[in-house]
Undergrad: 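Below is a structure I'd like to ask you about.
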Amino acid sequence: MSYKAYVFDAYGTLFDVHSVMKKIHQFFPDQGPSVSEEWRNRQVHYFLVRQLIQEYKPFNDITRWALLDALAINNIDAEFDIVEELMHEYTQLLPFDEVPLLKENHTDKTFTIFSNGTRAMLDPLLANNRLTKDFDLLSANDINIYKPHPKAYQYAHKTLKVNKDEILFFSSNPWDITGAASYGFHTAWVNRKKQKWPEIGIQPTYLINQLNDILI
């Protein structure tokens with residue numbers, strides 16, 4: 001099927017959130033994996049909680065709180081400058097291998113990132129990876145409503161100005177795919193770890209292992 005809009009989640013889909021492990025390891029040898037995993041898990045948990053209680057806080061705040069707690073749970077008392085360096089690493093995340101060539105391989109398509117991250121986080125991330133010209137950018141921070149709330153996808157839908165079923169939404173996060181599919185987008189779950197799709201009562205349109213696995 002041909003789509004008019006191709007929309008991508010950023011964190012975990014285009015960019016490897018666990019590429020922060022190298023920087024963590026510089027400060028805290030052998031604790032990169034445990035801190036990185038805890039950081040990401042708490043980041044997702046915290047923004048979902050903030051959405052549920054309807055008290056929005058920007059994603060950079062969520063990310064900082066999650067990092068502080070991830071360090072604490074790993075018995076690390078990090079100095080302020082180290083926390084700042086680790087936070088800065090979120091503007092230096094590495095893209096997955098196929099991402100830098102995505103636009104080059106599909107010059108006739110318009111690609112849009114729709115992320116819970118703030119523009120202040122995403123703009124330098126794209127710039128540092130020389131991807132600014134490859135993607136338009138939408139942020140949930142524009143409306144202070146996180147994905148997977150239906151109003152977040154509604155914002156993207158109205159901004160893109162195409163029908164719901166003309167949008168193909170890519171994410172590695174099942175909660176994101178579930179929200180987008182429930183709203184009415186066609187979805188592609190980027191299952192890089194080759195895991196089982198969770199029993200949540202909603203199925204993605206496509207299950208792929210990387211972005212090149214689907215002809216778009």
Side-chain angles (χ1 to χ4, degrees), residues 1-17 44 51 59 93-119 121-123 125-127 129-143 145-216:
M1 180 174 178
S2 179
Y3 296 95
K4 292 184 179 179
Y6 302 90
V7 183
F8 301 82
D9 171 56
Y11 300 122
T13 304
L14 297 177
F15 299 96
D16 182 3
V17 295
V44 172
Q51 185 64 60
F59 199 67
L93 296 176
L94 298 178
F96 289 102
D97 290 343
E98 72 272 24
V99 173
L101 296 177
L102 196 62
K103 182 62 176 178
E104 182 178 326
N105 292 336
H106 302 280
T107 56
D108 59 328
K109 310 296 185 187
T110 299
F111 295 146
T112 301
I113 290 174
F114 180 37
S115 173
N116 280 339
T118 65
R119 291 179 183 271
M121 297 173 72
L122 294 164
D123 283 333
L125 177 60
L126 291 173
N129 285 289
R130 300 181 181 179
L131 292 170
T132 301
K133 294 182 179 180
D134 292 5
F135 296 93
D136 295 331
L137 181 59
L138 296 175
S139 168
N141 191 60
D142 297 341
I143 57 168
I145 298 175
Y146 283 123
K147 300 180 295 177
H149 195 285
K151 288 185 178 179
Y153 304 102
Q154 182 183 53
Y155 161 67
H157 175 209
K158 288 185 175 180
T159 303
L160 292 167
K161 297 180 180 179
V162 298
N163 295 330
K164 288 181 183 180
D165 61 1
E166 295 174 322
I167 296 171
L168 181 57
F169 180 80
F170 296 81
S171 181
S172 65
N173 302 296
W175 55 263
D176 203 3
I177 289 292
T178 301
S182 178
Y183 181 73
F185 294 166
H186 285 211
T187 57
W189 181 38
V190 189
N191 183 18
R192 297 184 185 277
K193 296 181 180 179
K194 299 182 180 179
Q195 298 175 327
K196 177 182 176 296
W197 175 255
E199 295 296 335
I200 199 167
I202 293 177
Q203 292 290 322
T205 313
Y206 308 99
L207 289 87
I208 59 177
N209 293 327
Q210 58 156 328
L211 296 173
N212 286 333
D213 286 348
I214 186 169
L215 296 176
I216 59 174

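Worth saying up front: this structure is predicted, and the values here are computed from it rather than measured. For the numbers below, each heavy atom of this structure counts, side chains included, while hydrogens, waters and symmetry mates do not.
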Undergrad: Which residues pass the side chain to side chain donor-acceptor pair (under 3.5 Å) test with Asn141, not counting sequence neighbours?
TA: Tyr56
Undergrad: Counting N and O atoms only, with roles assigned by atom type, does the side chain of Thr159 sit under 3.5 Å from a partner on the main chain of Tyr155, one being a donor and the other an acceptor?
TA: yes
Undergrad: Go through the structure and list residues passing side-chain contact (heavy atoms from CB on, under 4.5 Å) with Asp134, not counting sequence neighbours.
TA: Lys103, Leu131
Undergrad: For Thr187, check side chain to side chain donor-acceptor pair (under 3.5 Å) against everything at least two apart and list the hits.
TA: none
Undergrad: Applying side-chain contact (heavy atoms from CB on, under 4.5 Å), name anything that partners Ser115, two or more places apart in sequence or on another chain.
TA: Ala10, Tyr11, Ile113, Leu122
Undergrad: Please list, chain by chain and in numerical order, all residues satisfying salt bridge (Lys or Arg N to Asp or Glu O under 4.0 Å) with Lys4, sequence neighbours excluded.
TA: Glu166
Undergrad: Suppose the criterion is salt bridge (charged side-chain N to carboxylate O under 4.0 Å, His left out): which pairs have a residue in residues 172-190, not counting sequence neighbours?
TA: Lys147-Asp176
Undergrad: Please state whether the rings of Phe8 and Phe170 are parallel, tilted or perpendicular, taking 30° and 60° as the class boundaries.
TA: parallel
Undergrad: Who pairs with His157 by ring-ring contact (aromatic ring centres under 6.0 Å, His included), at least two apart in sequence or on another chain?
TA: Tyr183
Undergrad: When you compare the side chain of Leu211 with that of Val190, does any pair of heavy atoms fall below 4.5 Å?
TA: yes
Undergrad: Side-chain contact test, heavy atoms from C-beta onward, threshold under 4.5 Å: evaluate it for Phe96 versus Leu14 and give yes or no.
TA: no
Undergrad: Under the side-chain contact (heavy atoms from CB on, under 4.5 Å) rule, collect the residues that match up with Thr132, sequence neighbours excluded.
TA: Leu126, Ala127
Undergrad: Please tabulate, one pair per line, all N/O donor-acceptor pairs under 3.5 Å involving side-chain atoms of residues 194-201, not counting sequence neighbours.
TA:
from: Lys196; atom 1: NZ; to: Glu199; atom 2: OE2; distance (Å): 2.8
from: Trp197; atom 1: NE1; to: Ile202; atom 2: O; distance (Å): 2.8

Undergrad: When you measure from the side chain of Trp189 to the backbone of Ile208, do you find a donor-acceptor pair of N or O atoms at a distance under 3.5 Å?
TA: no
Undergrad: Do any pairs count as a salt bridge (charged side-chain N to carboxylate O under 4.0 Å, His left out) and have a residue in residues 177-189, sequence neighbours left out, and if so which ones?
TA: none
Undergrad: Of all residues at least two apart in sequence or in a different chain, which pass the salt bridge (Lys or Arg N to Asp or Glu O under 4.0 Å) check with Asp142?
TA: Arg119
Undergrad: Among Leu125, Asp9, Leu94, find the one that has a side chain to side chain contact (heavy atoms under 4.5 Å, CB included) with Phe15.
TA: Leu125
Undergrad: Looking at residues at least two apart in the chain, or sitting in another chain, which of them share a side chain to side chain donor-acceptor pair (under 3.5 Å) with Glu98?
TA: Arg192
